[in-house]
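First the structure, in the form of structure tokens, and then the observations on it.
Quick caveat: nothing in here was measured; it's all calculated off a predicted structure. Numbered from 1 within each chain, the chains take letters A, B, ... in sequence-line order.
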Amino acid sequence: MSERNVRVRFAPSPTGYPHIGNIRTALFNWLFARHSGGSFIVRIEDTDVSRKVKGAIEAILDGLRWLGIDWDEGPDIGGDYGPYFQSQRLDIYQKIARLLVADGYAYYCYCSPGRLAKMRAEMAERKESTRSYDRHCRNLSQEERDKFEAQGITPVVRFKTPLDGETSFNDLIKGEVTFDNSTLDDFVLLKSDGYPTYHLANIVDDHLMEISHVLRADEWLSSTPRHILLYSALAYEPPLFTHLPMILGSDGSKLSKRHGAVSITEYRDQGYLPQAMINFLTLLGWSLDDRTELFTTEELVRHFSLERISKTGAIFSQDKLMWMNGHYIRNMSPGELREHLLPFLEKHLPEEVKRPVSREYVQQIIPLIQERLTTFKEAADQFAFFFIDQPDYEPDLLLGKKLTREAAIAALVDALTQLRKLTFEASSLELALRPLASELGMKTGDFFGLLRVATTGSTAAPPLFQTMAVLGKDKCLKRIEAALDKLRR
RNA sequence: GGCGCAUUCGUCUAGCGGCCUAGGACACCGCCCUCUCAAGGCGGAGAUCAGGGGUUCGAAUCCCCUAUGCGCUACCA
């Protein structure tokens with residue numbers, strides 16, 4: 001097996017949005033494939049008809065594409081091992097299920113969902129250690145079977161799990177894991193609607209598609225002995241298993257919607273960079289050493305190794321993601337940043353702002369906002385004052401803590417007369433305004449603070465003179481006049 | 001309940017018997033820079049390595065027990 005080429009797969013189920021945890025699994029598979037020069041395959045596990053969600057496949061694939069994760073075989077591009085939709089491989093699973101029954105490794109079960117539910121309820125009530133199928137149909141006589149068939153019941157196919165012995169396997173990160181067969185139940189292989197369960201389809205396809213390594217989430221560890229048993233019943237050679245630590249929510253349980261955004265597309269829409277997501281997600285469960293944590297994708301591919309995947313689940317830290325995203329934004333060229341930012345501004349700036357948003361103008365504000373950004377969507381709100389007509393704020397904001405109304409008015413009036421005479425460049429603005437502060441008997445900080453609120457509507461903004469220069473004389477004078485109005489009212 | 005996996009600063013992690021009086025990063029606090037906010041620089045606080053037994057000259061690192069957490073326990077994946 002180890003001599004074989006690396007062939008790994010990402011096998012999402014189209015039952016919802018592209019969950020961050022699933023995407024991370026895809027990412028690890030992809031990194032491993034690219035690192036070892038193997039193949040990365042996408043296979044759609046659409047065997048649950050009732051839970052199928054329209055548009056889910058495209059959303060998942062889009063998420064991967066956005067991150068730059070590409071595949072060598074898959075639903076859209078095909079490949080030598082297709083089809084890559086399990087719903088198109090039903091005949092294969094059915095044939096193998098029949099084979100398993102014929103060989104005595106599986107059997108037909110006619111139990112109704114109702115009987116099963118009742119049985120489990122009773123078991124729970126009696127506090128029995130086992131809460132799974134009671135093997136009612138495991139040893140049905142031909143006669144009994146005929147009776148059920150005559151009633152028109154479509155059976156499911158169940159695996160005939162060995163009653164004793166144990167099953168163990170060597171997980172590449174967990175090591176040797178052993179289960180008593182007696183703790184395993186006779187799980188369903190083929191449902192009554194003719195679709196296979198995960199267990200059957202997974203094993204059959206991994207074998208047929210010559211998958212060499214299975215890297216999947218930790219939650220699968222418990223079903224691995226069933227899979228091993230199936231491989232052996234089918235006389236297939238099992239792949240190498242690696243169970244990945246899970247991504248957890250802030251309370252330490254499996255990351256889910258109640259923890260906040262869990263779909264990769266939400267992060268895209270909030271204005272996170274693919275590079276930041278890749279870097280961050282990889283570090284949730286993998287590390288190179290004791291200090292490196294900023295990686296390009298190429299570096300990740302170069303260094304990635306199964307041995308350095310950690311064993312424990314990791315809590316998803318929004319804080320660190322935001323820091324990392326800010327880091328990548330700061331490292332962009334102004335032109336790149338502008339192109340990334342523009343669509344977000346178009347979409348999220350207040351309606352009153354004329355569209356299309358001016359590229360040249362955005363180019364001008366980039367140097368002022370670049371180091372202040374953490375996400376693009378946030379920029380549309382935080383720096384809207386650059387675009388709108390008049391910022392909206394409470395008059396008291398102009399006064400701050402120590403300024404009296406009279407002093408503020410006097411300062412703004414003087415500033416206005418000075419400003420009217422000036423050309424709006426950062427240097428000339430500073431040259432005129434700095435002395436004015438002392439003439440007014442104000443500290444520069446207080447005076448500039450006042451002007452900052454008047455011109456931007458906020459106490460926190462990029463450097464004042466540059467901001468005013470970009471805003472332009474006309475806008476600044478109008479805003480200061482408006483500020484005076486607020487104070488006099 | 002049963003089975004399985006896990007357990008190092010609040011969080012992500014380094015550590016695979018002596019280099020550890022446990023290193024880095026995010027977050028937090030302070031200082032510097034400074035017109036505010038950031039960014040950046042410097043510094044600080046923060047983990048008796050879940051607890052208890054062993055093994056060893058020596059254990060965060062190996063073994064056992066306990067506790068806790070998480071996962072699985074569907075005709076879902």
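- Using a 4.0 Å cutoff on non-hydrogen atoms, the parts of residues 457-464 of chain A near RNA chain B are T459(A), A460(A), A461(A), P462(A), P463(A), L464(A), ordered by number.
- Residues from residues 327-334 of chain A lying near RNA chain B, meaning a heavy-atom separation below 4.0 Å, are R330(A) in numerical order.
- With respect to the salt-bridge test (charged N to carboxylate O, under 4.0 angstrom), the residues D205(A) and R9(A) do not qualify.
- In this structure, R434(A) reaches the C35(B) phosphate: one of its side-chain N or O atoms is under 4.0 Å from OP1 or OP2.
- In this structure, R226(A) is positioned above the aromatic face of F187(A), its NZ or CZ under 6.0 Å from the six-membered ring centre and within 45° of the axis.
- When L64(A), N29(A), I41(A) are each tested for a side-chain contact (heavy atoms from CB on, under 4.5 Å) with W71(A), only one passes: L64(A).
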Might you list the N or O atoms of the protein lying below 3.5 Å from N or O atoms in nucleotides 26-28 of chain B, with each pair's distance?
| unit_1 | atom_1 | unit_2 | atom_2 | d |
| --- | --- | --- | --- | --- |
| C26(B) | O2' | K320(A) | N | 3.4 |

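- Annotation: G24(B) and U66(B) have their C1' atoms spaced 33 Å apart (nearest Å).
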Pick out the pairs of N or O atoms, protein on one side and nucleotides 66-74 of chain B on the other, that lie under 3.5 Å.
| unit_1 | atom_1 | unit_2 | atom_2 | d |
| --- | --- | --- | --- | --- |
| G71(B) | OP1 | K254(A) | N | 3.4 |
| G71(B) | N2 | S222(A) | OG | 3.2 |
| C72(B) | OP1 | K254(A) | NZ | 2.8 |
| A74(B) | OP2 | R120(A) | NE | 3.4 |
| A74(B) | OP2 | R131(A) | O | 3.3 |

Using atom types as modelled, flag every donor-acceptor pair under 3.5 Å from a side chain in residues 17-27 of chain A to any protein atom, sequence neighbours excluded.
| unit_1 | atom_1 | unit_2 | atom_2 | d |
| --- | --- | --- | --- | --- |
| H19(A) | ND1 | G21(A) | N | 2.7 |
| H19(A) | NE2 | L255(A) | O | 2.9 |
| R24(A) | NH1 | L284(A) | O | 2.3 |
| R24(A) | NH2 | P245(A) | O | 2.3 |
| T25(A) | OG1 | G21(A) | O | 3.2 |

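- Distance noted for atom C1' between A47(B) and A14(B): 13 Å (whole Å).
- Look at K486(A) and E394(A) and you find no salt bridge, because none of the NZ, NE, NH1 or NH2 atoms lies under 4.0 Å from a carboxylate O.
- Applying the side chain to side chain donor-acceptor pair (under 3.5 Å) test to every pair with at least one member in residues 275-286 of chain A, sequence neighbours left out, gives these pairs: Q275(A)-T297(A), N279(A)-Y328(A).
- One C1' atom belongs to C16(B), the other to A59(B), and the distance between them is 12 Å to the nearest Å.
- For T444(A) against C35(B), no side-chain N or O and base N or O form a donor-acceptor pair under 3.5 Å.
- The residue among V156(A) and E128(A) whose nearest nucleotide of RNA chain B lies closer to the 5′ end is E128(A).
- Using a 4.0 Å cut-off, some side-chain N or O of K191(A) falls inside it from OP1 or OP2 of A77(B).
- Rounded to a whole angstrom, the distance from the C1' atom of U11(B) to that of A27(B) is 8 Å.
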